[in-house]
Structure formats: C-alpha cells, structure tokens
Amino acid sequence: MSAKQAVSPEDAGIRGTEAGNPILVTGLPRSGTSWAGKMLAAGGEVVYVNEPLNPQRPPGRSPGVLNAQVTHRFQYICADDEDPWLRAFSDTVALRYGYAAELRRNRSPSDLARLVKYATAFTVGRLRGRRALLDDPFALFSAGWFAERLGCRVVLLVRDPVSFVGSWQRLGWSVDVRELLGQPLLVRDHPQVESVRRLAGSQDRIARTAALWDVARAVAEDLAARHPSIRVVRYEHLAADPVAAYRDLYAWCGLAWSDRAARRITRACTAPARGLSPGNGFAWTGLSRTAYRPMDSRRALTAHHDRLTPEEITRIQTLTTPHL
C-alpha cells in the first residue's frame, strides 16, 4: 500500500454522476470483461467506456476520454504517482469529454468519428445522470486505487486457467513480464509479481501465461480481502447461468434490474456468435474497438478443449493448482 494517507473520493473532490459511483470491470484480457461490461450496460443506466488504459490506439490513447499518458501494459497507479491519473480519471468518471485534448492528438476521419461517439455519449450520459462504466483489463493491478480514490465499485473477473491460457494460445498472445517488473511501485505493492522474474526472457508461452494468471489471481484475492467495494467474480459462474448471475451483480453494483436488462442479457448469452470466422473467438469491432460478441455462454465454458492438447491441459493445471 502507498505511504500516503488514504483519502476518501469525496474529500479528494472526485465523484461520479448524480446517479451513483462509477463502476470498473477488470480482469486479465480474455477473462470476459467486455462481455460483462456490456451486460451491465444492458439496463441503460451507464455509459460504457472501453479500455482507456489500453496502450494500443485504438481503443486506448484517446485523450478526450482519458487525458494521461499510458506508458505500460497493466499501468500501475497508486497514491505515490497519482496526480496526472487523478486529474484525468476524475474527468472520465464524471463524463467530461476533453474535446481540445483529443483534437490536438487525433484528427483522422476515424478519430473524429470516435470523438463524436464518445463526446455524445458522455454529454447525454452526464445530463441524464448515468454512471460511467469502465471496462479495462489493464486496470487490474490498480483496482485498489480505483476503489479508494475514485469510489468505484469494482467487478474483478477471474477465468478458469485452462480456458484462459487456451484462449491466449489460440490468439498467439504472449506476456512480456518486463512490463510488470519494470514498474517498481507495482512490485512493491503487489510482491506476488516478483514470482514472474524467473521467466524473463523465456520462450515458453504457456509457462509465462500461466504465471500471469497465477499472479493476477493472487492479487485479485488480496485486493478483494482489503477492499469491500471490490468483488471477485468467476467467469464460469456468469456463463453458466447468466440471467441469475447478472441479476445478483446488478444489485451489488447498485443498478436497477429490469425487463429490458433481462431480455438483452438472455438474447446476448444464448445466441451463436455472429460475424466471426469459424474457430475465431476474438475480433476488434466498432468505433469503441470492443471484443464483445453475442455468444452461447454455456457452450463457451468448454471451448478450451479444442484449443489445447491433453498434455498441455495437464501442464496448465499443474502450474496453477495452488490457486485453484
């Protein structure tokens, strides 16, 4: 934890809209954050903000949405270095769009289209008293700061490690552990991160991805134990019975459950994915560049079986067993 004394969001002058505190949905990429964020937005009470801390442009690096410089994947934010982040995120969660900052950096036609989309959503949302919902897997390690300093209700998703590693394997994704180790405040506040140092320079993608899952799960448990406004939610729990699970999550987030939300969630979680090539479970789409797709959520629970060999499944289970 930071050496600075904890200050409430109200004392810091940070508030969401009149309707209530902002919501953060986080968890490692491919843990279902886009899906969960869209389902929590189905009732129409929030403004969905996609991955402001993503270092890739798009969906990140939009100063109109977040006027701060992201330098790392999984950027760590704490009270010791919070000044630019507190200023920037206070505008984001209050749904104040930075027109001038956006136009100074991004002026292509697609940039201007995103400006119109977000500026309109922020303005309408603020006028109607909607809450900001940040969907950002890159905020995972900073979730405590979001809870303490921005007053966020944090939904922290954890996915079964075999499914998680299988998804990363299929997409050819890999983690550079130096992105974590190169942030001294992150290593200080979450010493679990130090365990990945042995894999620096390793070409073993399964071992690196399993180690990232291991660290993230340990950090998630620690954060939830220390912050009552952080809730760890298993992806599999949401996928197995989405209507009942999301109804409970709506109540915890302070969102009103409605027939509209129930219908949209049912429709989104029982349909086959549309617009994807066979075997592909990921695609960036839309101006917000979200990876969410309508899907049969129960069928998704067993998708890893065609992504990994039996030997690979056994190995991942062995690498992650201590935290299962």
Give every donor-acceptor pair under 3.5 Å between a side-chain atom in residues 192-199 and any protein atom, sequence neighbours left out.
residue: Glu194; atom: OE1; partner: Arg197; partner atom: NH2; Å: 3.3
residue: Glu194; atom: OE2; partner: Arg197; partner atom: NE; Å: 2.3
residue: Glu194; atom: OE2; partner: Arg197; partner atom: NH2; Å: 3.4
residue: Ser195; atom: OG; partner: Gln192; partner atom: O; Å: 2.8
residue: Arg198; atom: NE; partner: Ser195; partner atom: O; Å: 3.3

Please report the closest heavy-atom contact between [X] and [Y], naming both atoms and the distance.
X      : Y      : answer
Ser34  : Glu51  : OG-OE2, 4.5 Å
Ala143 : Leu223 : CB-CD1, 4.0 Å
Ala101 : Pro63  : O-CG, 3.3 Å
Cys253 : Leu40  : SG-CD1, 4.5 Å
Leu156 : Ala220 : CD2-CB, 3.6 Å
Pro59  : Asn50  : CB-ND2, 3.5 Å

As an exercise, state the distance from [atom1] of [X] to [atom2] of [Y], rounded to the nearest 0.5 Å.
X      : Y      : atom1 : atom2 : answer
Phe138 : Asn54  : CZ    : CG    : 4.0 Å
Glu311 : Thr314 : CD    : OG1   : 7.0 Å
Leu53  : Leu24  : CG    : CG    : 9.0 Å
Glu82  : Glu148 : CD    : CD    : 9.5 Å
Phe74  : Leu28  : CZ    : CG    : 5.5 Å
Ser163 : Arg30  : OG    : CZ    : 10.5 Å

What do the steps show when you test Tyr48 against Ile23 for side-chain contact (heavy atoms from CB on, under 4.5 Å), and what is the final call? CA-CA 10 Å; Tyr48 176 86; Ile23 298 168; over 6 Å; no
Are Asp222 and Arg217 close enough, and set up right, to give a salt bridge (Lys or Arg N to Asp or Glu O under 4.0 Å), and what steps lead you there? CA-CA 9 Å; Asp222 180 56; Arg217 175 59 184 269; over 6 Å; no
Which residues satisfy the side chain to side chain donor-acceptor pair (under 3.5 Å) test with Thr33, sequence neighbours excluded? Asp135
Would Leu112 and Leu103 count as a side-chain contact (heavy atoms from CB on, under 4.5 Å) here? Give the steps. CA-CA 8 Å; Leu112 294 176; Leu103 288 171; 3.8 Å; yes
I'd like to check [X] versus [Y] (side-chain heavy atoms, cut-off strictly below 4.5 Å). Are they in contact?
X      : Y      : result
Pro29  : Trp173 : yes
Arg114 : Ser110 : yes
Leu157 : Thr26  : no
Val65  : Phe122 : yes
Arg131 : Val47  : no
Leu150 : Trp85  : no
Trp213 : Leu319 : no
Leu134 : Phe89  : yes

Partners meeting salt bridge (Lys or Arg N to Asp or Glu O under 4.0 Å) with [X] (sequence neighbours left out):
X      : result
Arg61  : none
Arg73  : none
Arg234 : Glu236

When you measure from the side chain of [X] to the backbone of [Y], do you find a donor-acceptor pair of N or O atoms at a distance under 3.5 Å?
X      : Y      : result
Thr309 : Glu312 : yes
Gln75  : Thr71  : yes
Arg153 : Trp252 : yes
Asp81  : Cys78  : yes
Asn21  : Gly151 : yes
Tyr250 : Gly43  : yes
Thr320 : Ile316 : yes
Thr123 : Thr120 : no
Arg126 : Leu95  : yes
Thr209 : Arg205 : yes

Both conditions, 6.0 Å and 45 degrees, for the charged tip of Arg159 above the ring of Tyr235: are they met here? yes
Determine, step by step, whether Arg188 and Asp80 satisfy the salt bridge (Lys or Arg N to Asp or Glu O under 4.0 Å) criterion, reporting the C-alpha distance in whole Å, the side-chain angles of both residues, the deciding distance to 0.1 Å, and the verdict. CA-CA 12 Å; Arg188 180 199 70 184; Asp80 287 349; 2.7 Å; yes
Tell me, with the steps shown, if Ser62 and Arg57 meet side-chain hydrogen bond (donor to acceptor under 3.5 Å, both in side chains). CA-CA 8 Å; Ser62 295; Arg57 169 74 182 175; 2.3 Å; yes
Check the pair His227 / Val154 against side-chain contact (heavy atoms from CB on, under 4.5 Å), numbers first and verdict last. CA-CA 9 Å; His227 299 282; Val154 180; over 6 Å; no
Under a 3.5 Å threshold, yes or no: a donor from one side chain and an acceptor from the other, between Asp91 and Tyr97? no
Common cluster, Val124/Tyr99, ILVMFWY with side-chain heavy-atom separation under 4.5 Å: no
Cluster check Val162, Leu171: I/L/V/M/F/W/Y, side chain < 4.5 angstrom: yes
Could you list all the salt bridge (Lys or Arg N to Asp or Glu O under 4.0 Å) pairs where at least one residue sits in residues 246-263, not counting sequence neighbours? Arg231-Asp248
Which is it for Asn67 and Thr92 under the side-chain contact (heavy atoms from CB on, under 4.5 Å) test, yes or no, and what are the steps along the way? CA-CA 9 Å; Asn67 194 13; Thr92 304; over 6 Å; no
Using 30° and 60° as the class limits, which term best fits the ring planes of Trp168 and Phe164: parallel, tilted or perpendicular? tilted
Check against ring pair (Phe, Tyr, Trp, His ring centres under 6.0 Å), Trp35 and Tyr246: CA-CA 11 Å; Trp35 172 53; Tyr246 277 114; 5.4 Å; yes
